[in-house]
Amino acid sequence: MFSRFSRAARRPTSPELITAWERLDSGDVPGALRLLRQAGAAPLAEVALVVGRAAGAAGFDDLRTAAAALSAHPDRPQALYDYGYACVERGVSHLAIPALREALRLTGSVAVLRELVSAYEDEGRHRDAADALLAHEAVLADWPDRYLLAYNALLAGDLEEARRRHALLPAPDEDLWRGAHDRLNRMLRRAACAREAGALDGTDLRGWQFVMGGTVLGTLSPYGFDAGMTGRFAWLHDTHGQCLAGLVRLRAVLEAAGVRARSVSLLPDRDSRILGLAAAEVLGLPAEPFEAGRQDTVVVAYDLGATAGDPQGAAVLEQLRERVPGQVLHEHAGCWTDPPPVAADSVTLLHQSAVAPWAGGLRQGADGGVERGGPDPRPEEEIAASVVAADPEPDEGDGRTPADPVEGVSAFVTAVRDAWLRGDRDPVRSSGPVGSSRFL
């Protein structure tokens with residue numbers, strides 16, 4: 001009985017883990033997990049104590065059991081692997097990485113290596129994934145291992161290594177990997193085009209967005225460019241002017257590509273209908289409810305993630321996976337940390353979290369404090385008119401983002417026109433080689 005009581009009373013001793021434990025005392029599981037991301041070199045057995053308690057509170061019995069086993073036996077490869085696997089499955093891959101690295105060091109197992117690569121990919125750490133594979137090249141199979149090496153080298157920005165590995169990679173014998181092989185082929189074709197259009201270096205967000213998914217990025221964030229964001233937004237309270245600026249750039253994209261649309265198609269969610277009505281005015285086209293088979297139309301979404309949450313949205317997005325001739329999908333606010341299942345042809349901006357201008361966000365109250373405002377109650381047509389009448393001049397930001405005139409977007413589209421018109425789009429959960437900053 002005494003030994004059972006001792007195990008139940010175990011607590012972490014590392015300062016950062018004690019703070020995470022105290023968050024759990026107050027029921028703040030997300031806060032505790034955020035602190036664990038900063039735990040650094042804390043002992044795995046103690047990290048597992050905190051993870052196990054958090055998993056129990058969340059009802060994740062598989063992770064709770066694996067964490068308890070690791071806490072009791074941190075030197076056992078199977079316990080390390082089981083814990084790492086459970087962390088990946090439960091969406092906390094950053095917690096899996098130290099355990100899987102140790103399991104790989106102890107065993108050299110290719111199964112452990114593949115799980116570690118999966119965790120690195122989830123975290124956008126493609127250079128680390130490629131390096132782990134290179135360090136164990138002698139045990140790699142062509143599929144999936146050497147494919148994963150080429151793929152992660154590409155997303156790490158090492159285009160030459162990716163091309164070299166791709167040239168040595170035979171076509172897969174199993175149908176399971178044919179889709180991945182086709183995707184890598186498409187990405188490398190797009191990379192060749194994007195390299196003609198720009199630097200395709202570690203700061204070329206527009207180029208890498210095209211390489212990864214085939215999407216043309218319209219604008220760059222004017223904040224934090226040299227702090228790892230390279231043109232992406234973290235948190236954004238959107239404006240009518242930013243929406244109009246995005247539609248102006250959409251018009252430039254269509255003109256540079258030679259697309260002659262005959263209508264704007266309205267998606268079912270309110271945000272997209274508002275923006276679609278504004279787009280119809282900017283493009284000088286009629287607006288019509290979305291129909292899957294309509295050709296030569298611009299389908300306008302505010303945020304495809306929000307569209308997916310609409311009662312009719314999931315079915316619509318499924319219909320947009322394979323687009324008909326002349327059907328262009330434009331998304332205004334694309335989430336780069338949690339992308340939707342369908343990649344747009346054009347996106348105005350990339351964000352981690354965004355609030356639409358008419359959704360109601362934080363504002364200064366009458367007493368000088370901050371309060372949350374209500375959504376704009378006006379009809380969709382009136383709000384769309386406010387977008388069209390807004391000032392599209394960009395925010396000057398912090399002055400550290402390179403100039404990004406609309407002519408630059410047009411020149412990029414002209415350079416990649418043939419590949420873009422081919423319509424190959426690939427949703428990829430990755431920030432690519434331009435950094436993996438996440439403001440949690």
Side-chain angles (χ1 to χ4, degrees), residues 185-200 204-220 231 243-267 272 275-288 290-302 304 319-332 334 342-350 387-388 392 403-427:
N185 291 339
R186 290 192 295 268
M187 292 174 75
L188 286 168
R189 285 197 300 266
R190 291 194 294 260
C193 296
R195 204 168 197 179
E196 295 296 321
L200 205 59
D204 185 5
L205 183 64
R206 180 169 290 124
W208 282 107
Q209 189 69 19
F210 184 72
V211 171
M212 291 188 299
T215 302
V216 170
L217 174 63
T219 64
L220 302 178
C243 289
L244 179 58
L247 295 176
V248 169
R249 295 213 167 194
L250 169 62
R251 183 173 61 196
V253 167
L254 298 175
E255 290 173 353
V259 173
R260 300 289 180 261
R262 294 183 294 179
S263 67
V264 168
S265 292
L266 304 179
L267 292 174
S272 295
L275 191 66
L277 291 169
E281 289 295 319
V282 171
L283 299 176
L285 298 171
E288 303 173 307
F290 171 79
E291 291 182 4
R294 182 180 295 126
Q295 299 185 8
D296 301 322
T297 188
V298 181
V299 184
V300 175
Y302 180 83
L304 286 168
Q319 292 171 325
L320 283 167
R321 285 183 184 273
E322 298 292 335
R323 301 201 262 281
V324 299
Q327 192 178 67
V328 174
L329 176 59
H330 172 74
E331 179 183 28
H332 175 71
V342 176
D345 302 296
S346 164
V347 64
T348 296
L349 57 87
L350 299 176
V387 172
V388 175
D404 186 37
V406 67
E407 293 80 8
V409 180
S410 296
F412 180 87
V413 173
T414 299
V416 303
R417 178 179 180 274
D418 290 345
W420 189 73
L421 289 175
R422 191 179 294 119
D424 298 329
R425 307 287 178 255
D426 293 295

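This one's a predicted model, so the numbers in the text were calculated from it and none came from an experiment.
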**Item:** side chain to side chain contact (heavy atoms under 4.5 Å, CB included) assessment of Val253 paired with Val409
**Value:** CA-CA 7 Å; Val253 167; Val409 180; 3.8 Å; yes
**Request:** Under the side chain to side chain contact (heavy atoms under 4.5 Å, CB included) rule, what do Val342 and Arg323 come out as? Steps first, then yes or no, please.
**Result:** CA-CA 11 Å; Val342 176; Arg323 301 201 262 281; 3.5 Å; yes
**Message:** Show, in sequence, the C-alpha distance, side-chain angles and deciding distance for Leu205 and Leu350, and conclude whether the side chain to side chain contact (heavy atoms under 4.5 Å, CB included) test is met.
**Reply:** CA-CA 10 Å; Leu205 183 64; Leu350 299 176; 4.2 Å; yes
**Leu266 side, atom CG; Glu291 side, atom CD - distance, nearest 0.5 Å** = 11.5 Å
**Message:** Nearest 0.5 angstrom please: Phe412 CZ to Glu196 CD, how far?
**Reply:** 11.5 Å
**Asked** What pair of heavy atoms forms the shortest contact from Ser346 to Leu250, and how long is it?
**Response** OG-CD1, 4.0 Å
**Donor-acceptor side-chain pairing of Arg262 and Thr297 below 3.5 angstrom** = no
**Request:** Please answer whether the main-chain N or O of Gly246 pairs with a side-chain N or O of Arg249 as donor and acceptor at a distance below 3.5 Å.
**Result:** no
**Message:** Between Arg206 (side chain only) and Gly218 (backbone N and O only), is there a donor and an acceptor less than 3.5 Å apart?
**Reply:** yes
**Asked** Got Val347 and His330 here, is their nearest side-chain heavy-atom distance under 4.5 Å?
**Response** no
**Prompt:** Of all heavy-atom pairs between Val298 and Ala261, which one has the smallest distance, and what is that distance?
**Reply:** CG2-CB, 3.7 Å
**Prompt:** Are the side chain of Thr219 and the backbone N or O of Thr348 linked by a donor-acceptor pair below 3.5 Å?
**Reply:** yes
**Asked** What heavy-atom pair brings Leu267 and Leu320 nearest, and what distance separates the two atoms?
**Response** CD2-CD1, 4.4 Å
**Request:** Would you mind reporting whether Glu288 and Ser265 have side-chain heavy atoms less than 4.5 Å apart?
**Result:** no
**Message:** One pair to check against salt bridge (Lys or Arg N to Asp or Glu O under 4.0 Å): Arg260 and Asp296. What are the steps and the verdict?
**Reply:** CA-CA 7 Å; Arg260 300 289 180 261; Asp296 301 322; over 6 Å; no
**Message:** I need the full list of side chain to side chain donor-acceptor pair (under 3.5 Å) pairs touching residues 414-425, with sequence neighbours left out, sorted by first then second residue.
**Reply:** Asp345-Arg425
**Item:** Main-chain N/O of Pro286 paired to Ser263 side chain as donor or acceptor, under 3.5 Å
**Value:** no
**Asked** Is a side-chain N or O of Arg190 found less than 3.5 angstrom from the main chain of Phe210, in a donor-acceptor match?
**Response** yes
**Item:** Side-chain (Glu331) to main-chain (Leu304) donor-acceptor, under 3.5 angstrom
**Value:** yes
**Prompt:** Shortest non-hydrogen contact from Leu247 to Val387?
**Reply:** CD1-CG1, 4.5 Å
**Item:** Rounded distance (nearest 0.5 Å) linking atom CG of Asp204 with atom CZ of Arg195
**Value:** 11.0 Å
**Item:** Gln295 atom CD, over 12 foreign heavy atoms within 6.0 Å
**Value:** yes
**Complete:** Nearest heavy-atom approach of Ala197 to Ala415 is CB-CB, 3.5 Å
**Request:** Flag the pair Phe290 / Gln327 as yes when at least one side-chain heavy-atom distance between them is below 4.5 Å, and no otherwise.
**Result:** yes
**Item:** Closest non-hydrogen atom pair, Ala301 against Ser272
**Value:** CA-OG, 3.3 Å
**Prompt:** Is there side-chain contact between Cys243 and His332, with at least one heavy-atom pair below 4.5 Å?
**Reply:** yes
**Asked** Given Val211 and Leu200, is the side chain to side chain contact (heavy atoms under 4.5 Å, CB included) satisfied, shown in steps?
**Response** CA-CA 9 Å; Val211 171; Leu200 205 59; 3.9 Å; yes
**Item:** Leu188 CG to Cys193 SG distance, which is reported to the nearest 0.5 Å
**Value:** 11.5 Å
**Request:** Would you indicate whether the side-chain heavy atoms of Val388 and Leu277 approach each other to under 4.5 Å?
**Result:** no
